[in-house]
Protein chains: 2
Amino acid sequence: MNQKAPTLQDVATTAGVSSNTASVVLNGAKSNTRVSEATRQRVLDAAQQLRYHPNAAARSLVHRKTDSIGVIFGVAGSSTDYVTNPYMAGILQGVLKVAGEVGYCVTIFTQPWVNANASAHRFRDGRTDGIIVIASPENSDILEGLSSLGIPLAAVACPGERYSVPTVDVDNRTGIEMAMDHLRELGHYKIALFTGEENMHSTPQRISSYRNRLKDWDCNLPAQWIHTCAYSGAGADAALRKIWQSSERPTAILACNDAIAAGVLAEARSLSIKVPEELSVMGYDDAEIASLQTPPLTTISQPLQQIGELTTHLLLKRLQGVPIEPLTVLLDPKIVVRKSTSVPSEDNQ
Amino acid sequence: MNQKAPTLQDVATTAGVSSNTASVVLNGAKSNTRVSEATRQRVLDAAQQLRYHPNAAARSLVHRKTDSIGVIFGVAGSSTDYVTNPYMAGILQGVLKVAGEVGYCVTIFTQPWVNANASAHRFRDGRTDGIIVIASPENSDILEGLSSLGIPLAAVACPGERYSVPTVDVDNRTGIEMAMDHLRELGHYKIALFTGEENMHSTPQRISSYRNRLKDWDCNLPAQWIHTCAYSGAGADAALRKIWQSSERPTAILACNDAIAAGVLAEARSLSIKVPEELSVMGYDDAEIASLQTPPLTTISQPLQQIGELTTHLLLKRLQGVPIEPLTVLLDPKIVVRKSTSVPSEDNQ
DNA sequence: ATCCACTGACTAAGCGATTAGTCATAGTAT
DNA sequence: ATACTATGACTAATCGCTTAGTCAGTGGAT
């Protein structure tokens with residue numbers, strides 16, 4: 001602060017009362033202090049005149065409550081694109097909305113998580129009342145570290161059950177099943193899966209759901225048809241090239257997000273593979289870029305903002321000590337059919 | 001906090017010393033207190049064992065410094081899409097990066113700005129050391145209100161000069177000139193301008209730059225060729241329809257951001273207007289969606305992340321009391337030529 | 001033996017706000 | 001006249017941390 005903010009004492013002095021009286025006037029009475037109407041008005045006038053606003057730090061010292069919630073973005077790989085990532089941004093948007101409704105600020109922690117031993121206690125710094133963890137990598141000990149310190153938490157797309165952390169996610173199993181079923185109905189069964197980072201919570205779930213579906217259909221596919229890319233889209237080009245050179249080609253590729261699918265489309269173009277005639281491609285997320293691809297992507301839509309809103313509600317509940325049941329909420333994905341999928345061509349059947 | 005965080009006193013007790021001694025050990029000595037090596041070690045061990053981390057609120061009360069900076073998003077119209085807006089997100093990303101480098105947290109204020117009288121003092125609440133204002137509407141008194149309370153500020157795309165607030169922006173004049181010159185070189189002079197909200201700082205600047213360019217060329221264009229849309233892209237379709245029905249049609253449309261340009265492209269498709277053969281379209285921002293449009297958008301690229309980084313540096317300087325000169329920094333836009341612009345067709349010349 | 005400097009650590013005040021507890025004064029009931 | 005109850009407002013402790021100021025003890029110099 002450059003220009004010192006007026007304190008409660010300043011208001012009190014201006015109004016000619018004690019700071020206690022001023023405090024009582026300015027926030028309903030919680031002591032048995034009584035104030036006459038005239039005095040009350042004098043205090044209110046003084047506060048108004050000085051543009052007084054209580055100091056949040058001092059207040060939170062007493063209340064042990066900061067009226068702000070923290071957000072930690074999980075990091076896949078070395079990526080530092082938090083809010084420019086449409087998945088993260090969509091969720092954060094939902095968090096901001098609900099936080100705003102209840103008068104909370106949102107503090108984004110900028111320090112990278114190293115490990116529980118080195119990092120966890122930094123987040124118990126009295127800056128926030130609780131923390132929302134968004135998409136922590138599977139091999140990270142964020143949830144474990146924070147929850148073992150007793151920090152109120154809520155999580156998105158994390159293995160929260162393990163640490164009794166209320167968690168919101170979109171049903172990865174259902175999403176993959178919807179995608180697989182859509183492709184199957186078109187006539188595909190040679191379906192390759194291009195996943196995101198292995199250490200993200202969603203990846204093993206989606207892989208296992210993919211495998212189950214194939215098993216349901218009695219399909220036995222080459223193991224190398226599961227390719228690990230990055231959610232940034234990196235690696236999708238190489239994966240497509242590799243799979244296209246192999247002896248057996250898939251007729252469809254299910255990408256685990258739209259960026260990966262976009263990478264596939266771009267590489268398909270440069271390999272002169274016609275989509276969807278020769279190869280159907282599906283995305284996941286229904287990000288803004290999905291409908292803008294050529295051809296527009298068939299994809300699985302996730303209600304990102306709703307995830308953020310719901311997670312915030314859960315954290316607020318936890319802060320109020322309201323029991324949360326069930327601990328994990330799975331929202332439903334939707335399939336959005338556009339132009340990147342079609343029946344497989346004859347010679348690929 | 002559920003599980004009470006250990007206090008300095010807890011550490012001191014565990015180590016068998018006074019809280020003062022513990023404090024001195026844990027943060028370089030600023031009192032003349034001396035500590036023996038043995039005692040020092042005992043304190044450090046105790047802190048480690050208890051996972052002690054100082055309470056930020058208590059600390060900031062003493063230091064009058066919170067190590068966190070605030071962000072307020074200006075709001076155009078009733079939009080509440082802060083971080084899902086790629087412009088805002090890009091800037092915020094830059095803010096997060098620099099803040100992280102110097103160990104600051106970033107607090108996003110979620111309460112909408114009403115007016116200086118009602119809102120300003122809320123932001124002098126000791127929660128943040130300073131505030132970054134991003135793209136406040138032209139008719140808002142955010143900067144005036146906050147700066148008159150002596151809150152350290154830095155701004156993006158705001159009329160900061162007026163209130164001695166260090167401000168970063170991309171040179172709107174240059175950007176429009178580059179766009180206009182590109183179109184002129186292709187042979188266009190019948191150029192319509194589709195702007196964002198009138199009350200955004202950039203809008204009048206861009207309009208005047210557009211007008212100046214036309215004047216340079218001795219062009220006299222119908223006034224209604226300037227259409228006010230929304231930066232969300234809303235209104236672009238109607239504007240195109242209207243302009244296309246008029247007696248004189250432009251050969252090119254310069255949209256003030258990519259969302260507006262995308263709206264124009266979509267409407268052009270449904271009106272069967274061929275882009276760029278019949279109509280050249282330019283965007284602005286070079287958002288992710290620009291290159292994905294059909295045809296890919298020629299656009300003016302703004303270094304969003306760099307804006308955020310620079311603005312944060314300016315705020316940090318101001319917090320340190322370093323004089324800032326010059327007060328306003330204008331970054332250079334770049335033109336990205338893609339496929340949505342070409343020479344105008346013969347019959348349109 | 002006396003003085004001084006240094007070592008090692010403590011006590012207490014204060015940051016700004018909240019709140020339990022105290023205390024005059026005035027008015028009312030007995 | 002006495003006891004009691006509102007009324008109106010104040011004092012002081014506390015939240016967790018920092019830091020200016022104080023102080024006892026030890027060892028070396030004079």
Side-chain angles (χ1 to χ4, degrees), chain A residues 1 4-44 46-47 50-67 121 124-129, chain B residues 1 3-44 46-47 50-67 121-122 124-129:
Chain A
M1 299 291 141
K4 199 166 159 302
T7 68
L8 186 62
Q9 186 58 56
D10 295 331
V11 174
T13 305
T14 304
V17 297
S18 74
S19 67
N20 158 5
T21 304
S23 173
V24 169
V25 169
L26 295 174
N27 54 85
K30 263 165 219 153
S31 101
N32 62 355
T33 293
R34 275 167 299 260
V35 181
S36 70
E37 192 46 47
T39 306
R40 165 180 310 276
Q41 201 52 54
R42 254 184 305 134
V43 171
L44 290 175
L50 295 174
R51 318 299 235 82
Y52 170 77
H53 189 81
N55 180 295
R59 203 166 203 171
S60 79
L61 247 195
V62 177
H63 286 319
R64 295 140 182 295
K65 183 161 178 345
T66 61
D67 289 336
H121 57 283
R124 185 170 54 175
D125 67 352
R127 227 183 259 277
T128 57
D129 294 335
Chain B
M1 298 290 140
Q3 181 183 313
K4 199 166 157 304
T7 68
L8 185 63
Q9 186 57 57
D10 295 331
V11 174
T13 306
T14 304
V17 297
S18 75
S19 66
N20 158 359
T21 304
S23 172
V24 168
V25 169
L26 294 174
N27 54 85
K30 261 165 220 151
S31 102
N32 60 357
T33 293
R34 276 165 299 260
V35 180
S36 70
E37 192 46 47
T39 306
R40 167 181 309 276
Q41 201 53 56
R42 254 184 305 132
V43 171
L44 290 175
L50 295 175
R51 318 301 234 82
Y52 171 76
H53 188 82
N55 179 294
R59 205 165 202 173
S60 78
L61 246 197
V62 177
H63 287 318
R64 292 141 184 291
K65 183 160 178 343
T66 60
D67 289 336
H121 57 284
R122 295 167 172 244
R124 185 169 55 176
D125 67 353
R127 226 183 259 277
T128 57
D129 294 335

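Labels below follow one simple rule: chain letters A, B, ... track the order of the sequence lines, proteins then strands, and each chain is numbered from 1. Predicted model, so just to flag it, every value in this text is computed and none were measured.
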To the nearest 10°, let me know how far the axis at one end of the helix from C:dA1-D:dT30 to C:dT30-D:dA1 is tilted from the axis at the other, five pairs an end.
70°
To the nearest 0.5 Å, what is the distance between CG (B:Leu61) and CG (A:Leu61)?
5.5 Å
Taking atom P of D:dA9 as reference, at what distance in whole Å does atom CG of A:Leu26 sit?
14 Å
If we check side chain to side chain contact (heavy atoms under 4.5 Å, CB included) with B:Tyr52, which of these qualifies: B:Leu26, B:Thr14, B:Val43?
B:Leu26
Quick check for you: to the nearest 0.5 Å, what is the distance between A:Glu37 atom CD and A:Thr39 atom OG1?
9.0 Å
Atom pairs under 3.5 Å, N or O on each side, protein against nucleotides 5-7 of chain D: can you list them with distances?
none

Passing option when B:Thr21 is tested against B:Ser23, B:Ser19, B:Ser18 for side chain to side chain donor-acceptor pair (under 3.5 Å):
B:Ser18
Please report, rounded to the nearest Å, how far the P atom of D:dG8 is from the CD atom of A:Glu37.
10 Å
B:Thr66 meets the side chain to side chain donor-acceptor pair (under 3.5 Å) criterion, sequence neighbours left out, with B:Asp129
Check whether any side-chain N or O of A:Arg124 sits under 3.5 Å from a backbone N or O of B:Arg51 as a donor-acceptor pair, and report yes or no.
yes
Check B:Asp10 against B:Ala5 and note the closest heavy-atom contact, atom names and distance.
OD2-O, 4.3 Å
With a 4.0 Å cut-off on heavy atoms, is B:Thr39 in touch with a base, just the backbone sugar-phosphate, or nothing at all?
sugar-phosphate
Over all atoms of both residues, closest heavy-atom pair of B:His121 and A:His53:
O-CB, 3.2 Å
Does B:Asp67 have any salt bridge (Lys or Arg N to Asp or Glu O under 4.0 Å) partners at least two apart in sequence or in another chain, and if so, which?
B:Lys65
Using chain B heavy atoms and a threshold of under 4.0 Å, write down where along DNA chain C the contacts begin and end, 5' to 3'.
C:dT7 to C:dG16
Just the rounded figure in Å: distance from C1' of D:dG8 to CD of A:Gln41.
17 Å
Starting at CZ of B:Arg127, measure out to CG of A:Asn55 and round the result to the nearest 0.5 Å.
9.5 Å
Enumerate all atom pairs, one protein N or O and one N or O from nucleotides 12-16 of chain D, separated by less than 3.5 Å.
{"residue": "D:dC15", "atom": "O3'", "partner": "A:Arg64", "partner atom": "NH2", "Å": "2.8"}
{"residue": "D:dG16", "atom": "OP1", "partner": "A:Arg64", "partner atom": "NH1", "Å": "3.3"}
{"residue": "D:dG16", "atom": "OP1", "partner": "A:Arg64", "partner atom": "NH2", "Å": "2.8"}
{"residue": "D:dG16", "atom": "OP1", "partner": "B:Lys4", "partner atom": "NZ", "Å": "3.4"}
{"residue": "D:dG16", "atom": "N2", "partner": "B:Ala58", "partner atom": "O", "Å": "3.3"}

